[in-house]
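Working notes, structure below.
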Amino acid sequence: MTPENLERDYWDLVELNSHQVTVEYGNDIDTTEYWSGFPLSERGRSMNGTKKEEKVNLPEPEFGSEDYYKETGWNLNNIPCCQDSILRHVKIGINGINVPWLYFGCLFSTFCWHNEDNYLYSINYHHKGAPKQWYGVPGTRKDAEGLEKVFKNYLSMKMRDVPDLLHHITTMFSPRLLQQGGVPVCKVIQYPGEYVVTFPRSFHGGFSMGPGIGEAVNFATHNWISFGADASERYRSFARASVFSHDRLTSTMANHLSEQTNSSTCEHLLKELYRVIDEELKLRQKLIESGVRDVSADINLPKNRLDQLDEESADYDDKRLCHSCKHVCFFSAVACHCSQSKVSCLRHSHYLCRCPVNKKYILIWSTENEMKNILEATRQHCENLKRNEELTKSEKMTTPNNNALQNYQPLENTPSYYVSNDQQNNHEMTRAPGALRDLKLHQYDDIPCRAITKFDAHTTNSASPNHSVPSTTTPNIVEVIDESPAKKIKLSVNAPATTNTHSHASIMPHSIPRGY
């Protein structure tokens, strides 16, 4: 059975509603309790590892050694905490975020369409077993909204009852429906020993082609900040609590400006700080002018901790969630004498209670001067980075490198699969273990990936030569039902709110847009 046949059978099962299938899927398995497929660091590089002082200052382990796999950034236990990952500031273990999850699948075990919590990056490693079929939609706002629009078109009735249905990760439908709606969809087959990385806000889903073991975790580079802001706003619109406070994390980053070494990424941070602080100060002034009392001089609240996000900080944040939108009230909050526990963010103070305005008061953890100082320090750091980059650029342009051409060795920096056979025969090529196997598996793959399908209106009344397909069928949506604790997934097929005439479409090449 080839991957192509398995893929066709999977979508026949989903779209043609031929019969019902129940599969077993052990998903979101806690690696803290059941162990990870990767060894744990002994140099303090992972949440659940150890820190042996005698090893911390040793040189980096040699490639292929036992210690190398413990300490490399490709170890999924290490990547969330590595030097350029923003999540290194999160010092509390969050399963699936900075602590990996394990996945035990079988034939047709399905991970439904979703994007990551807080629109983070994700990295998935396939340890062992049958291949996995992945589908992905680019993480641009246009394409993400396009997928959501298709969801609403086909599941309008259900989404009225469950507006945040996409966040439940329980609905799967054919990429063909997305492409009919103008949403680009790409696919890749993941074999054992390979990683799949998903980008911020990019929707993805897929299924297993047989028994297999996978492991996944999140990370975030500095250019993630704007995506995190979008995720925070979206969660507020659904009154969904975030995994961690976006305002706290960006403020913590601003407290570690020495880690900002690139002006473009620093500008992302500066832009986000300006947006949040500007809104905060304007709303404070507006509320105080409306009659909400400022009691900061009478109540001595603890200062926000900005060195790291630890367990104590996370517990404190959980106690100051907005009553309306579940946003962490990091800088300030509005409270009322009628309740000892409820608070609201400055946006939604009018939803807090029906008491008159003079009964309400504002709690302030970060003063106006403190926030302005953070903003100014970030602005100055960003300007210094720009100035240094311009100086470095001008020095490179004015200082000729006479040895550059003499020392140029193209083969050292050229991937082996771009080198001709004659070049490979005349030079010794060093390949990583397993490289030849990987090249063989993906020798027909294009970069970027090909799209899964492209609907062709001219083939509406034609059927696949190997399958008898009705000329007019109703597209169906798979709803995945978790029958815990047995960890079984039932693929029950539900008819959508609208119908469409279709048949199997041929697989056509379609490149991923540059933004993917």
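We count residues from 1, following the sequence as given. Just the heavy atoms: all of them, side chains too, but no hydrogens, waters or symmetry mates, feed the values below.
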Discussion item. Minimum heavy-atom separation for Pro184 and Pro138, please, with both atom names.
Written reply: O-CD, 3.4 Å
Worksheet item: Quick one: ring-ring contact (aromatic ring centres under 6.0 Å, His included) pairs with a partner in residues 239-290, sequence neighbours left out?
Response: His89-His256, Trp224-His246
Fill in: Other residues, nucleotides, ligands: >12 heavy atoms within 6.0 Å of Asn300 CG
no
Discussion item. To check you understand the geometry: which heavy-atom pair defines the closest contact between Pro131 and His126, and what is its length?
Written reply: CA-NE2, 4.0 Å
Worksheet entry | Aromatic ring pairing His127/Tyr125, orientation class (parallel under 30°, perpendicular over 60°, tilted between) | perpendicular
Worksheet item: So, Ser349 versus Ser344: side-chain donor-acceptor pair below 3.5 Å or not?
Response: no
Practice prompt. State whether the side chain of Ser290 and the backbone N or O of Leu287 hold a donor-acceptor pair below 3.5 Å, judged by distance alone.
Written response: yes
Discussion item. Do Leu346 and Val334 make a side-chain contact, defined as non-hydrogen atoms from C-beta onward lying under 4.5 Å apart?
Written reply: yes
Discussion item. Would you say Thr50 and Glu42 are linked by a side-chain donor-acceptor pair, where the criterion is simply a distance under 3.5 Å?
Written reply: no
Worksheet entry | Val196 backbone acceptor or donor facing Asn124 side chain under 3.5 Å | no
Worksheet item: About how many Å separate SG of Cys82 and CG of Asn75, when rounded to the nearest 0.5 Å?
Response: 11.0 Å
Worksheet item: Is a side-chain N or O of Asp30 found less than 3.5 angstrom from the main chain of Thr32, in a donor-acceptor match?
Response: yes
Discussion item. Please check: side-chain N/O of Arg201 versus main-chain N/O of Gly139, any donor-acceptor pairing under 3.5 Å?
Written reply: yes
Worksheet item: Counting only heavy atoms not in Glu312, do more than 12 fall under 6.0 Å of its CD?
Response: no
Worksheet item: Tell me, do Arg236 and Arg347 make a side-chain contact under 4.5 Å, heavy atoms counted?
Response: yes
Discussion item. Can you tell me if Lys319 has over 12 outside heavy atoms packed within less than 6.0 Å of its NZ?
Written reply: no
Practice prompt. Verify whether one side chain among Asp247 and Ser245 offers a donor that lies under 3.5 Å from an acceptor in the other.
Written response: no
Worksheet item: Side chain of Lys342, backbone of Leu352: donor and acceptor closer than 3.5 Å?
Response: yes
Discussion item. Looking only at the side chains, is there a donor atom on one of Thr250 and Glu272 sitting less than 3.5 Å from an acceptor on the other?
Written reply: no
Worksheet item: In Å, rounded to the nearest 0.5 Å, how long is the span from CZ of Phe331 to CG of Leu281?
Response: 9.0 Å
Discussion item. Please verify the inter-ring angle class for Phe207 with Trp11; under 30° counts as parallel, over 60° as perpendicular, anything in between as tilted.
Written reply: perpendicular
Discussion item. Quick one, Leu102 and Ile213 - any side-chain contact, counting heavy atoms below 4.5 Å?
Written reply: yes
Item to complete: Show the numbers, then the answer: is there a side chain to side chain contact (heavy atoms under 4.5 Å, CB included) between Leu87 and Ile94?
Response: CA-CA 11 Å; Leu87 295 186; Ile94 306 174; over 6 Å; no
Discussion item. Looking at every heavy atom in both Leu306 and Ser251, which two are closest together, and how far apart are they?
Written reply: CD2-CB, 3.7 Å
Item to complete: Test side chain to side chain contact (heavy atoms under 4.5 Å, CB included) on Arg141 and Asp230 and set out the steps.
Response: CA-CA 9 Å; Arg141 180 179 281 105; Asp230 288 346; 2.7 Å; yes
Fill in: Euclidean distance, Asn98 CG relative to Ile92 CD1, rounded to 0.5 Å
8.5 Å
Discussion item. Using a 6.0 Å cut-off, check whether atom NZ of Lys271 has over 12 heavy atoms from anything other than its own residue.
Written reply: no
Worksheet item: Within a strict 4.5 Å, meaning less than it, do heavy atoms of the Pro200 and Tyr121 side chains meet?
Response: yes
Worksheet item: Taking 4.0 angstrom as the limit, do Arg284 and Glu368 come out as a salt bridge?
Response: no
Fill in: Non-hydrogen side-chain atoms of Asn95 and Trp101 separated by less than 4.5 Å
yes
Worksheet item: Which heavy-atom pair separates Cys329 from Val343 by the least distance, and what is that distance?
Response: SG-CG2, 4.5 Å
Worksheet item: Can we say Asp317 and Arg320 salt-bridge, meaning some charged N sits less than 4.0 Å from an Asp/Glu carboxylate O?
Response: yes
Item to complete: Say whether, by atom type as modelled, one donor and one acceptor occur between the side chain of Thr378 and the main chain of Ile374 under 3.5 angstrom.
Response: yes
Response to the item:
Rounded to the nearest 0.5 Å, the CG atom of Asn218 sits from the CG atom of Leu76 at a distance of 10.5 Å
Practice prompt. Would you indicate whether the side-chain heavy atoms of Lys359 and Cys336 approach each other to under 4.5 Å?
Written response: yes
Worksheet item: Ignoring hydrogens and geometry, is there a side-chain-to-backbone donor-acceptor pair from Glu194 to Tyr191 under 3.5 Å?
Response: yes
Fill in: Backbone N/O of Ser208 and side chain of Ser109: donor-acceptor pair under 3.5 Å
no
Discussion item. Distance alone, cut at 3.5 Å: any donor-acceptor contact between the side chains of Thr110 and Tyr10?
Written reply: yes
Worksheet item: Does Arg379 come within less than 4.0 Å of Glu376, counting only side-chain N to carboxylate O?
Response: yes
Worksheet item: Does some side-chain heavy atom of Ile97 sit less than 4.5 Å from a side-chain heavy atom of Glu116?
Response: no
Discussion item. Using side-chain heavy atoms (C-beta onward) and a distance below 4.5 Å, is Phe203 in contact with Asp143?
Written reply: no
Discussion item. Any side-chain to backbone donor/acceptor pair from Gln133 onto Glu7? Under 3.5 Å, distance only.
Written reply: no
Worksheet item: What do the steps show when you test Val217 against Val99 for side chain to side chain contact (heavy atoms under 4.5 Å, CB included), and what is the final call?
Response: CA-CA 6 Å; Val217 77; Val99 176; 5.9 Å; no
Discussion item. Using modelled atom types and a 3.5 Å cut-off, is there a donor and acceptor pairing between side-chain atoms of Thr392 and backbone atoms of Asn388?
Written reply: yes
Worksheet item: Where do Cys106 and Val23 come nearest, in terms of heavy atoms and distance?
Response: SG-CB, 3.9 Å
Practice prompt. Start with the C-alpha distance between Ser313 and Lys91, add both sets of side-chain angles, then the distance that settles side chain to side chain contact (heavy atoms under 4.5 Å, CB included), and finish with yes or no.
Written response: CA-CA 10 Å; Ser313 302; Lys91 301 301 183 182; over 6 Å; no
Worksheet item: Any Lys/Arg nitrogen of Glu145 or Arg234 sitting under 4.0 Å from an Asp/Glu carboxylate oxygen of the other?
Response: no
Worksheet entry | Separation of Phe199 CZ from Thr140 OG1 (nearest 0.5 Å) | 13.0 Å
Worksheet item: Judged by modelled atom types alone, do Asn118 and Ser242 share a side-chain donor-acceptor pair under 3.5 Å?
Response: yes
Worksheet entry | Check: Phe151 ring centre within less than 6.0 Å of Trp113 ring centre | no
Fill in: Ring center gap for Tyr103 and Phe111 short of 6.0 angstrom
no
Discussion item. Given Leu147, which partner from the list Leu178, Leu177, Val185 fulfils the side-chain contact (heavy atoms from CB on, under 4.5 Å) test?
Written reply: Leu178
Discussion item. Is a donor from one side chain sitting under 3.5 angstrom from an acceptor on the other, for Thr367 and Asn369?
Written reply: no
Worksheet item: Can you tell me how far NZ of Lys70 sits from CG of Asn77, rounded to the nearest 0.5 angstrom?
Response: 12.5 Å
Worksheet, complete the sentence: The single option from His222, Glu383, His381 that satisfies side-chain contact (heavy atoms from CB on, under 4.5 Å) with Cys266 is His381
